[in-house]
Amino acid sequence: MSSKLFERIYKVVSSIPEGKVATYGQVAALAGHPGAARVVGWALHSAPEPLALPWHRVISATGKSSLPERSARQLQRALLEQEGVRFDRQGRVDLATFQWQGHEPAPKAS
DNA sequence: AAGGTGACCAAGG
DNA sequence: TCCTTGGCCACCT
């Protein structure tokens, strides 16, 4: 079994709602470990299949997929588009529109 | 025990 | 807007 941190990460990822995305850094922060964005990548890379996590809803802070293999990136994009997430011409997601606002403070209000 | 690696990120040029 | 650089943190030699 992996550390508590991994378990927290998996829990956060599994709570990302359909049609929304979260960044690695965001997941790390919500898991109680801000700054450990790379660990989130590692955790997902080594995530056991049985967990059936919505890993495709986790993308980089630039709005792009960070997956190393092209085929995997295409799959991620297909899964997201299927949920209503739209990509621009450069294959990026508009975070201002689709980023999950879990417990994060609202963008602004006044 | 020390150094390398990776599904990262923000700031500068 | 793209590329580079330094800093991050846990896992694996």
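Naming: A, B, ... by sequence-line order, numbering from 1 per chain.
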Checklist entry - Partners of A:Thr62 by side chain to side chain donor-acceptor pair (under 3.5 Å), sequence neighbours excluded? => result A:Ser60
Checklist entry - What is the distance, rounded to the nearest whole Å, between atom CD1 of A:Ile9 and atom P of B:dC8? => result 13 Å
Next on the checklist: If hydrophobic clusters are built from ILVMFWY residues whose side chains come within less than 4.5 Å, do A:Leu51 and A:Val27 share one?
Outcome noted: yes
Checklist outcome for this item: Ordered by number, residues from residues 62-98 of chain A within less than 4.0 Å of DNA chain B (heavy atoms) are A:Ser66, A:Leu67, A:Pro68
Checklist entry - What residues form a side-chain contact (heavy atoms from CB on, under 4.5 Å) with A:Glu83, not counting sequence neighbours? => result A:Glu18, A:His56, A:Arg57, A:Leu80
Checklist entry - Whole Å only: how far is the NE2 atom of A:His45 from the C1' atom of B:dG6? => result 9 Å
Checklist entry - Taking atom CD1 of A:Ile9 and atom OG of A:Ser14, what is their separation to the nearest 0.5 Å? => result 12.0 Å
Checklist entry - Is it true that A:Glu7 and A:Lys11 have a side-chain N and a carboxylate O under 4.0 angstrom from each other? => result no
Next on the checklist: Is it the case that the side chain of A:Gln99 and the backbone of A:Gly63 share a donor-acceptor pair, with hydrogens and angles ignored and the cut-off at 3.5 Å?
Outcome noted: no
Checklist entry - When you measure from the side chain of A:Tyr24 to the backbone N and O of A:Val39, does any donor-acceptor pair fall under 3.5 Å? => result no
Checklist entry - Is there a chain of hydrophobic side chains (I, L, V, M, F, W, Y, each step under 4.5 Å between heavy atoms) that links A:Leu44 to A:Phe6? => result yes
Checklist entry - What is the per-nucleotide protein-contact pattern of nucleotides 3-10 of chain C, from the 5' end, where B denotes a base atom under 4.0 Å from a protein heavy atom, S denotes such proximity for sugar-phosphate atoms only, and - denotes neither? => result ----BBBS
Checklist entry - Can you tell me how far C1' in C:dT13 sits from the matching atom in B:dA1, rounded to whole Å? => result 12 Å
Checklist entry - Out of curiosity, does A:Leu53 fall in the hydrophobic cluster containing A:Val12 (side-chain heavy atoms, cut-off under 4.5 Å, transitive links)? => result yes
Checklist entry - When rounded to the nearest 0.5 angstrom, what distance separates CG in A:Leu30 from CZ in A:Arg8? => result 11.5 Å
Checklist outcome for this item: Per-residue pairing states of DNA chain B in dot-bracket (Watson-Crick or G-U under 3.5 Å; . unpaired, | other strand) read .|||||.||||||
Tabulate protein N/O versus nucleotide N/O from nucleotides 11-13 of chain B, keeping only pairs under 3.5 Å, one per line.
none

Checklist entry - Hey, what's the ring geometry for A:Trp42 with A:His45, parallel, tilted or perpendicular (30° and 60° as the breaks)? => result tilted
Next on the checklist: Testing A:Leu95, A:Ile16, A:Val58 one by one against A:Val21 for a side-chain contact (heavy atoms from CB on, under 4.5 Å), which residue passes?
Outcome noted: A:Leu95
Item to check | A:Trp55 CH2 - B:dC8 P separation (whole Å) | outcome: 14 Å
Checklist entry - Is a donor on one side and an acceptor on the other found under 3.5 Å between the side chain of A:Arg73 and the backbone of A:Leu67? => result yes
